[in-house]
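Each remark here refers to the structure printed beneath this line.
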Amino acid sequence: MKKFVNGSIVLDNGTTLTIEKKLILAAPGSSDSKWTYSYPTMVRLAHNGENNGTLVAAHATLYGPCNDNGYKVYKSYDDGDSWTFVSKAVDNYTEYAHESILQPCLFELPKDMGDFKEGTLFMGGCSRGNFPDKSPMTAMALYYSTDLGESWTAYHTLAVGGGANECEGVWEPFFIYEEESGRVYCFYSDETNASGTKNGPKAQELVYKYTTDMKNWSDVQVAMSCTDKENMRPGMIAISKTPVGYIMTYELVGLSGSPTYCKIVDKLDDWGDIADVGFPIVADNNKTMGTAPWSAWTPAGGENGIFFSVANHMIECEAIDGTGTDMFVSLDYGKTNIAIENPSTFVQNRKNKLSYSSYLGFSEDGYTMYYMNSINLGPDNTQIEFVRIKIAD
């Protein structure tokens with residue numbers, strides 16, 4: 001595994017990665033706090049005129065002793081050197097929901113759509129509550145902000161499912177814009193078509209809906225469903241547009257350690273054989289990573305650019321506590337990978353949401369990477385770390 005020396009790593013193709021800034025964006029207080037901050041998400045504004053370059057970030061708040069409902073939102077006007085808490089997004093729209101609690105994902109609208117203007121911010125997240133009969137529910141709630149994240153309006157419920165204990169939930173939204181079709185897609189994990197036990201046939205599928213006005217969405221479509229592999233349940237999707245197509249990464253629960261897999265397609269509404277699980281992300285040290293992965297591609301760093309992947313733990317036949325997670329770097333769109341030291345280090349203990357659905361993104365030119373990770377604070381809680389990395393060819 002390559003390690004940072006004086007803050008820098010030189011890749012095999014001569015590209016240099018240099019840590020420019022590292023700070024704690026948000027922490028729940030003392031190390032014995034019961035709160036866990038997790039599921040960080042971020043967007044760098046690119047469609048807001050003089051506000052372009054502003055960073056807007058959010059995270060989920062879990063496990064505390066009292067209600068702290070909503071996704072906390074922060075802004076940075078100096079490329080991440082400092083951050084300010086600005087608002088919370090709370091689902092007061094979805095019927096029966098009482099918590100806005102899991103897996104937020106931020107998105108900036110790249111053009112006018114319907115009643116929404118270019119630059120409007122959107123967020124998707126998983127609300128939780130109870131149906132009138134008291135059975136648990138989950139809901140994929142959507143929010144928008146017309147003031148750069150200073151306030152949020154919950155306005156649409158994209159999907160509804162059962163609760164975690166019923167294994168019929170809807171989870172983990174991911175937004176992406178497809179220029180060719182003019183559509184915004186929302187991908188998510190869906191258990192509502194589940195049958196059998198938690199790891200039974202079709203227990204979870206990767207699905208999507210799309211829109212051209214951010215209000216009216218298509219019927220649900222399936223991107224992946226392991227109907228012929230009854231112990232596999234794909235989840236935690238992330239997608240990057242690259243010169244060779246759209247690269248999707250996801251966890252494949254049901255295999256040992258829930259390894260990260262990858263699939264490449266030409267169009268967001270054509271995933272080919274939905275039972276085809278693609279190929280695993282494997283590093284040169286013969287390790288792979290698993291659970292809650294995130295990935296992103298940048299054109300910087302050579303002919304094929306660089307594809308980065310991170311996840312919750314390393315796998316050596318099984319998930320191992322105390323190991324933390326490498327970052328994987330690929331110069332060929334995920335086919336082969338180099339393990340490097342994680343610039344946001346943590347020690348895995350599987351008691352909380354360490355490194356769950358971390359965020360990787362880039363500046364407009366692709367030469368600055370923004371990495372957000374949930375790292376150790378105390379034995380049972382986490383905090384959000386922000387890292388800015390310069391990429392030099």
Side-chain angles (χ1 to χ4, degrees), residues 39 102-105 124-128 135-142 156-176 178 183-211 217-240 245-281 290-295 311-312 356-357:
Y39 297 107
L102 293 170
Q103 306 141 352
C105 183
C126 181
S127 299
R128 189 167 62 182
S135 61
M137 69 163 305
T138 52
M140 194 62 60
L142 303 185
H156 185 70
T157 304
L158 191 69
V160 174
N165 293 332
E166 299 299 319
C167 306
E168 297 174 352
V170 288
W171 318 100
E172 306 147 8
F174 180 89
F175 293 101
I176 186 169
E178 186 179 56
R183 296 170 174 172
V184 171
Y185 285 76
C186 183
F187 287 79
Y188 58 97
S189 304
D190 187 356
E191 294 177 311
T192 62
N193 198 26
S195 61
T197 64
K198 183 176 181 180
N199 286 325
K202 300 176 70 174
Q204 181 167 279
E205 299 171 318
L206 293 175
V207 303
Y208 61 91
K209 293 183 178 181
Y210 57 81
T211 182
W217 295 77
S218 71
D219 292 337
V220 65
Q221 309 290 321
V222 178
M224 181 171 293
S225 179
C226 300
T227 56
D228 62 338
K229 304 175 180 67
E230 67 177 26
N231 292 321
M232 296 185 186
R233 38 185 280 121
M236 304 294 284
I237 191 171
I239 304 174
S240 295
Y246 291 94
I247 302 181
M248 173 176 70
T249 56
Y250 47 93
E251 65 183 14
L252 198 48
V253 179
L255 298 182
S256 179
S258 305
T260 300
Y261 267 63
C262 180
K263 188 172 180 178
I264 303 175
V265 299
D266 292 329
K267 297 174 58 181
L268 290 176
D269 65 348
D270 185 1
W271 292 89
D273 180 0
I274 62 173
D276 177 8
V277 298
F279 56 91
I281 299 291
T291 307
W294 192 272
S295 60
N312 172 254
Y356 252 68
S357 189

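The first residue of the sequence shown is numbered 1, and numbering continues consecutively from there.
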- Message: When you compare the side chain of Leu206 with that of Met248, does any pair of heavy atoms fall below 4.5 Å?
- Response: yes
- Task: Look up atom CZ in Phe279 and atom OG1 in Thr260, then write down how far apart they are to the nearest 0.5 Å.
- Result: 12.0 Å
- Note on the structure: Val184 and Trp217 have their tightest heavy-atom pair at O-CZ3, 3.8 Å
- Taking the side chain from Lys263 and the backbone from Tyr250, do they hold a donor-acceptor pair closer than 3.5 Å? no
- State plainly whether the residues Arg233 and Glu191 are in salt-bridge range, i.e. N to O under 4.0 Å. yes
- Task: Run the numbers on Glu178 and Tyr185 for side chain to side chain contact (heavy atoms under 4.5 Å, CB included), then give the verdict.
- Result: CA-CA 8 Å; Glu178 186 179 56; Tyr185 285 76; 3.3 Å; yes
- Donor-acceptor pair, Ser218 side chain versus Tyr210 backbone, under 3.5 Å? yes
- Note on the structure: Checking Thr192, Ile274, Val222 against Val207 for side-chain contact (heavy atoms from CB on, under 4.5 Å), the one that qualifies is Val222
- Task: Rounded to the nearest 0.5 Å, what's the gap from CD1 on Ile247 to OG on Ser240? Could you check?
- Result: 6.5 Å
- Task: Could you check if a side-chain atom of Gln103 sits within less than 4.5 angstrom of a side-chain atom of Pro173, using non-hydrogen atoms only?
- Result: yes
- Determine whether Ser189 and Ile237 make a side-chain contact, defined as any pair of heavy atoms from C-beta on separated by less than 4.5 Å. no
- Distance, nearest 0.5 Å, that separates OG1 of Thr249 from CD1 of Ile264: 11.0 Å
- Query: Step by step, would you call Ser258 with Glu251 a side chain to side chain donor-acceptor pair (under 3.5 Å)?
  - Reply: CA-CA 6 Å; Ser258 305; Glu251 65 183 14; 5.5 Å; no
- Item | Single hit among Trp171, Tyr246, Tyr208, Phe174 for ring-ring contact (aromatic ring centres under 6.0 Å, His included) with Phe187 | Tyr208
- Query: Looking only at heavy atoms, what is the nearest atom pair of Phe175 and Cys105, with distance?
  - Reply: CE1-O, 3.6 Å
- Note on the structure: Closest heavy-atom pair, Ser357 versus Trp294, reported as atoms and distance to 0.1 Å, is OG-CE3, 3.7 Å
- Query: Just wondering, do Leu158 and Lys209 contact through their side chains at under 4.5 Å, heavy atoms?
  - Reply: yes
- Message: I want to check something: taking the side chain as every heavy atom from C-beta on, are Gln221 and Asp269 in contact at a cut-off of under 4.5 Å?
- Response: no
- Counting only N and O atoms by type, is there a donor-acceptor contact under 3.5 Å from the side chain of Thr138 to the main-chain atoms of Val170? yes
- Note on the structure: d(Ile176 CD1, Cys186 SG) to nearest 0.5 Å is 11.5 Å
- Message: Taking the side chain as everything from C-beta on, heavy atoms only, tell me whether Leu252 gets closer than 4.5 Å to Cys226.
- Response: yes
- Query: With distance as the sole test, does Glu172 use its side chain to make a donor-acceptor pair with the main-chain N or O of Gly235 at under 3.5 Å?
  - Reply: no
- So do the side chains of Val220 and Tyr188 get within less than 4.5 Å of each other, counting heavy atoms only? yes
- Task: Please tell me if the side chains of Val277 and Pro234 come closer than 4.5 Å, counting only heavy atoms from C-beta onward.
- Result: no
- Query: Would Leu255 and Tyr261 count as a side chain to side chain contact (heavy atoms under 4.5 Å, CB included) if you check the C-alpha gap in whole Å, the side-chain angles of each, and the deciding distance to 0.1 Å?
  - Reply: CA-CA 11 Å; Leu255 298 182; Tyr261 267 63; 3.7 Å; yes
